[in-house]
Novice: 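Here it is, the structure, as structure tokens.
Numbering of residues begins at 1 and proceeds along the displayed sequence. For ligands, and for the atoms within them, numbers begin at 1 and follow the listed sequence.
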Amino acid sequence: MVIPKPCCNCRICTEARKKGGPYWRTGPSAFLHDINLLIDTPAEIAVQLNRCGIQQVQNLIFTHTDPDHIEGFRVVEQITLDFRSWEAYPEKQIQLILPEYLYERLKKICSAYGPLIDFYESQGFVTSTTFTDHTAIDGVKINALGVDRGSQIVFIYVFEKEGRRIVYAPCDIKPFPEKRSEVRNPDLLVIQPGIFETGLKHNFFYPPEHISRKTLYTFEQTLALSRRINARQVLFVHLEEYWNRSYDDYLAIAEKYENIIFAYDGFHISV
Ligand SMILES: [Zn+2]
Ligand SMILES: [Zn+2]
């Protein structure tokens, strides 16, 4: 959910409308500058790229095909289109790099004309490459770890370069593959905080059998997980409107711990 959620006048949304900046949150995406790699395209991705001053997207990868991560896929057309031919400017073509499973699944994402990917490939907006388990781009090794969610496989990506390791696990990562050596001892773990049990709107408490408990860890469980895999630093992303916490509230939580940060739109971190 974006913050402010349209038509919502709760404390969080009202404050975000008034203050903007880090109080305002759009969909989950990230950009790895080392290799000009965009990870996921939420509905607001064009605005996000402009706001962050991104000059070129050379590579694109998806974690999974849920709407909040792929709704903005058409950004490949917006970035690359030469209106004279309705084909891509060659120098702006984007390399789509995906685990084989995700590439097949992406074909299910359609407009009235058929699969989006077919059109984007035929016009040269993207060129597609698939891999299994791992690949590399310009000295950055990428490990793809599938999380079987039953209805789909969601991918956690581990990026490694010059002995540094980032684990990127923004959404639907339960059960987290914590026994895999690839996720151990990361310099940075980027992960969703999971369920906050208290302080929710309407004084709501998640009952034991609530569906969200099947897809999400709790915040405490996520912290424990980060300690078990020995993450040096934890960056929380995918912060939902319904957690009922503002930028200031997250700052206050982070102060209680040594190594956690809550991201905000445009947040930049070096590893
Ligand atoms: Zn709200
Ligand atoms: Zn998500």
Novice: Can you tell which of Phe267, Phe262, Phe219, Tyr264 makes a ring pair (Phe, Tyr, Trp, His ring centres under 6.0 Å) with Tyr250?
Specialist: Phe262
Novice: What is the NE2(His238)-the Zn ion (ligand 2)-SG(Cys171) angle, to the nearest 10 degrees?
Specialist: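 About 100° at the Zn ion (ligand 2).
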Novice: Between Phe73 and Tyr120, does the ring centroid distance fall short of 6.0 Å?
Specialist: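 Yes.
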Novice: Can you name the nearest heavy-atom pair linking His64 to Ile70, along with the distance?
Specialist: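 That would be O-CG2, 3.5 Å.
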Novice: Do Arg74 and Leu116 make a side-chain contact, defined as non-hydrogen atoms from C-beta onward lying under 4.5 Å apart?
Specialist: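 SC-SC contact between Arg74 and Leu116 ruled out.
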Novice: Regarding Thr127 and Gln93, do their side chains bring together a donor and an acceptor under 3.5 Å, going by distance alone?
Specialist: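 No.
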Novice: Under 3.5 Å, is there a donor-acceptor pair linking the side chains of Asn59 and Gln95?
Specialist: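 There is such a pair (donor and acceptor under 3.5 Å, judged by atom type) between the side chains of Asn59 and Gln95.
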Novice: Heavy atoms, side chains only, cut-off 4.5 Å: are Ile3 and Trp24 in contact?
Specialist: no
Novice: What N/O/S atom of Asp68 is the closest to the Zn ion (ligand 2)?
Specialist: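 Nearest N/O/S atom: OD2.
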Novice: If I only include protein atoms of type N, O or S, how many are less than 2.8 Å from the Zn ion (ligand 1)?
Specialist: 4
